[in-house]
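As the structure is a prediction and not an experimental result, all values here were calculated from the model. Proteins come first, then strands; the chains are lettered A, B, ... in the order of their sequence lines, and each starts at number 1.
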There are 2 protein chains.
Amino acid sequence: MKPFHSYQNPSLAVDLVVFGYSKQQLSVLLLNRKEEPFKDRWVLPGAFLQMEERFKDACSRVLKTKLGMDDVYLEQLYSFDEPDRDPRGRAISVAHYALVNPSKVAVAAGSMANDVSWFNINELPALGFDHDIIFQQALQRLRSKITYFPVGFELLDDLFTMPELHELYECILDTTIDRRNFRRKILDSEYIINTGKKREGSQNRHPDLYKFNKKLKKNGFQINV
Amino acid sequence: MKPFHSYQNPSLAVDLVVFGYSKQQLSVLLLNRKEEPFKDRWVLPGAFLQMEERFKDACSRVLKTKLGMDDVYLEQLYSFDEPDRDPRGRAISVAHYALVNPSKVAVAAGSMANDVSWFNINELPALGFDHDIIFQQALQRLRSKITYFPVGFELLDDLFTMPELHELYECILDTTIDRRNFRRKILDSEYIINTGKKREGSQNRHPDLYKFNKKLKKNGFQINV
DNA sequence: CTATCTTTGCGTCGAATTAACACAAATAGT
DNA sequence: ACTATTTGTGTTAATTCGACGCAAAGATAG
């Protein structure tokens, strides 16, 4: 289908900030570019929008085909439009961010990239295009979001312990949170449910295993920083 | 400049939710369409993106040429991408919302529209395209934003009184807020500055005139609803 | 010029929420 | 069984919040 107005439209793409949490570290998935522009530089994964494709579809396609991921939490972040953001010409990028559990996915470089790798968010290389800005904005959004909405569990296993959730929050928010006050707030919100099971094999007292409460309606909470 | 990949890109547009506050009413600016599709229906103002134009530039252009407005508060809201949202074909809309003081602008229908008019947000007609959804999302964003960030003054005169700001908040949030507690929170936040002047000519005790504190760094506040 | 009515500015107080911290139970290793 | 560590639970003081009282300022009427 042709566009119904007069001039040549910009290219339309999605870019993805894929967050993963593993071994008490928050990481982002980056690709190493095989071709110009920004050859051999690290960038966020992305793709041009295909015919009749929604943004989310394009994101899912990237996650599936380039990264082997299915069914991940995905949220539109912001649209980036600086005319010179892509040296090849005018390109609009609708940025999204995704939350995945790295232990559930197998990441491998496709034919389009030299390499694919997780980077700790505090040790990122300088990214190509305007991806530094996109990443910073995504991080900011994630930090804001987890303080009032239950998205943390997207980064953890289906069953997780209170100390694990607590550590996740401290890591993402880059601060210390009193463990006992944190527990009370989370439990009061009914965000998670105690399964009755315990995590076996841990060093000392075995912590309770929780799962996300899918029936949660609109019980809010507020973790202060 | 040509796009650098293979297929024909969707049309790219901006749509604007322009909020105005006047006589204790929150309103939105709508256009009555002169042509199909949605002829004679009310819609949000918008425009197709021109060559090398940023979203904000396109928004400013609409505000300036269609509505005679300059220098208004503008924020990107969300990008809408349903393939069937425009019956003419695939069109992406990057929605923005604007906050203006209606007493500062003169609105007039351009050649593109039958009519331009402010509508009280509680008495909106059914809008064309997917603009009902865009409007609802903008209203939600505005309601959320004013509870923690000083954007209210964008809708008021440069000098305003505490009761005026209070009424604005009650109107936008559609709730009652204790006048004395509201005052304390706002003043503690240093969001506004007392000019020392008083509003003359009012019925009873003359309220103090305040102005927005432009030097405000990151003093947050929180108006609970 | 005084009485009255309304609005605005400032203050108080109990209730609710938060932050800081104490302590005991559970577990592994010695 | 003794120790070190982690986890679950409770307690208390500090802070914030919500509901409300009251007096000062101004307009109007007698």
Side-chain angles (χ1 to χ4, degrees), chain A residues 23-24 146-148 152-153 156-157 159-171 173-211 213 218-225, chain B residues 23-24 146-148 152-153 156-157 159-171 173-211 213 218-225:
Chain A
K23 302 198 188 82
Q24 300 172 39
I146 60 163
T147 63
Y148 66 88
F153 70 95
L156 299 173
D157 293 336
L159 296 184
F160 52 87
T161 68
M162 189 62 77
E164 282 164 6
L165 189 64
H166 176 242
E167 266 174 353
L168 172 69
Y169 271 75
E170 287 198 331
C171 176
L173 296 174
D174 193 26
T175 183
T176 58
I177 305 171
D178 184 277
R179 152 183 92 79
R180 293 148 292 188
N181 295 333
F182 175 80
R183 151 184 283 273
R184 182 154 21 88
K185 275 200 179 173
I186 294 293
L187 290 182
D188 285 354
S189 77
E190 299 175 53
Y191 163 12
I192 62 178
I193 297 171
N194 193 325
T195 61
K197 297 176 201 149
K198 309 246 174 211
R199 163 134 306 155
E200 305 295 333
S202 61
Q203 205 63 4
N204 298 311
R205 178 170 180 172
H206 297 173
D208 296 353
L209 282 169
Y210 293 86
K211 63 177 179 182
N213 182 358
K218 53 176 179 178
N219 262 1
F221 59 93
Q222 181 60 47
I223 306 294
N224 299 320
V225 279
Chain B
K23 304 198 186 79
Q24 299 172 38
I146 60 162
T147 63
Y148 67 88
F153 71 96
L156 299 173
D157 293 336
L159 296 184
F160 53 88
T161 68
M162 189 61 77
E164 284 164 4
L165 189 63
H166 176 242
E167 266 173 353
L168 172 69
Y169 271 75
E170 288 199 328
C171 177
L173 297 174
D174 192 27
T175 185
T176 59
I177 304 170
D178 185 276
R179 160 182 84 79
R180 293 148 291 189
N181 295 334
F182 176 80
R183 150 185 284 274
R184 183 155 22 95
K185 275 199 179 174
I186 295 293
L187 289 182
D188 285 353
S189 78
E190 299 174 56
Y191 162 13
I192 62 178
I193 298 170
N194 193 325
T195 62
K197 298 176 201 149
K198 309 245 175 214
R199 163 134 305 155
E200 306 296 333
S202 61
Q203 206 63 4
N204 298 311
R205 178 169 180 172
H206 297 172
D208 296 354
L209 282 168
Y210 292 87
K211 63 177 181 183
N213 182 359
K218 52 177 178 175
N219 263 1
F221 59 93
Q222 182 59 48
I223 305 293
N224 299 321
V225 280

**OP:** Step through the shown structure and confirm whether more than 12 heavy atoms of other residues, nucleotides or ligands are within 6.0 Å of NZ on A:Lys185.
**Re:**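 Yes, the 6.0 Å shell around NZ holds more than 12 heavy atoms from other groups.
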Subject >> Pair A:Asp208 + A:Lys198, salt bridge at N-O below 4.0 Å >> reply: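 Between A:Lys198 and A:Asp208 there is a salt bridge, with a charged N closer than 4.0 Å to a carboxylate O.
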Starting at atom [atom1] of [X], determine the distance to atom [atom2] of [N], rounded to an integer number of angstrom.
X: B:Asp188; N: C:dC10; atom1: CG; atom2: C1'; result: 13 Å
X: A:Leu165; N: D:dT7; atom1: CG; atom2: C1'; result: 15 Å
X: B:Met162; N: C:dT8; atom1: CE; atom2: C1'; result: 11 Å
X: A:Tyr210; N: D:dT7; atom1: OH; atom2: P; result: 12 Å
X: B:Leu209; N: C:dT8; atom1: CG; atom2: P; result: 12 Å
X: A:Ile177; N: C:dT18; atom1: CD1; atom2: C1'; result: 14 Å

Original post:
Just one of A:Tyr210, A:Phe160, A:Phe182 clears the ring pair (Phe, Tyr, Trp, His ring centres under 6.0 Å) bar with A:His166, so which one?
Top reply: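 Between A:His166 and the candidates, ring pair (Phe, Tyr, Trp, His ring centres under 6.0 Å) is satisfied uniquely by A:Phe182.
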Taking the side chain as every heavy atom from C-beta outward, state whether [X] and [Y] have any pair of such atoms under 4.5 Å apart.
X: A:Leu156; Y: A:Leu165; value: yes
X: A:Leu209; Y: A:Lys211; value: no
X: A:Cys171; Y: A:Gln24; value: no
X: A:Ile223; Y: A:Ile186; value: yes

**OP:** Within residues 179-187 of chain A, find the residues that approach DNA chain C with a heavy atom at under 4.0 Å, and present them sorted by residue number.
**Re:**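 Heavy-atom cutoff 4.0 Å gives A:Arg180, A:Asn181, A:Arg184.
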**OP:** Could you check which residues of residues 194-208 of chain B get a heavy atom under 4.0 Å from DNA chain C? Sort them by number, please.
**Re:**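 When residues 194-208 of chain B is checked for heavy atoms under 4.0 Å from DNA chain C, the hits, listed by number, are B:Asn204, B:Arg205, B:Pro207, B:Asp208.
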**OP:** Measure from the side-chain N and O atoms of A:Asp178 to the backbone N and O of A:Arg180, and report whether any donor-acceptor pair falls under 3.5 Å.
**Re:**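 Yes; judged by distance alone, with no hydrogens or angles, the pair exists.
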Subject >> Proximal nucleotide (of C:dA20, D:dG8, C:dA19) relative to the A:Asp178 side chain >> reply: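 Per side-chain heavy atoms of A:Asp178, the pick is C:dA20.
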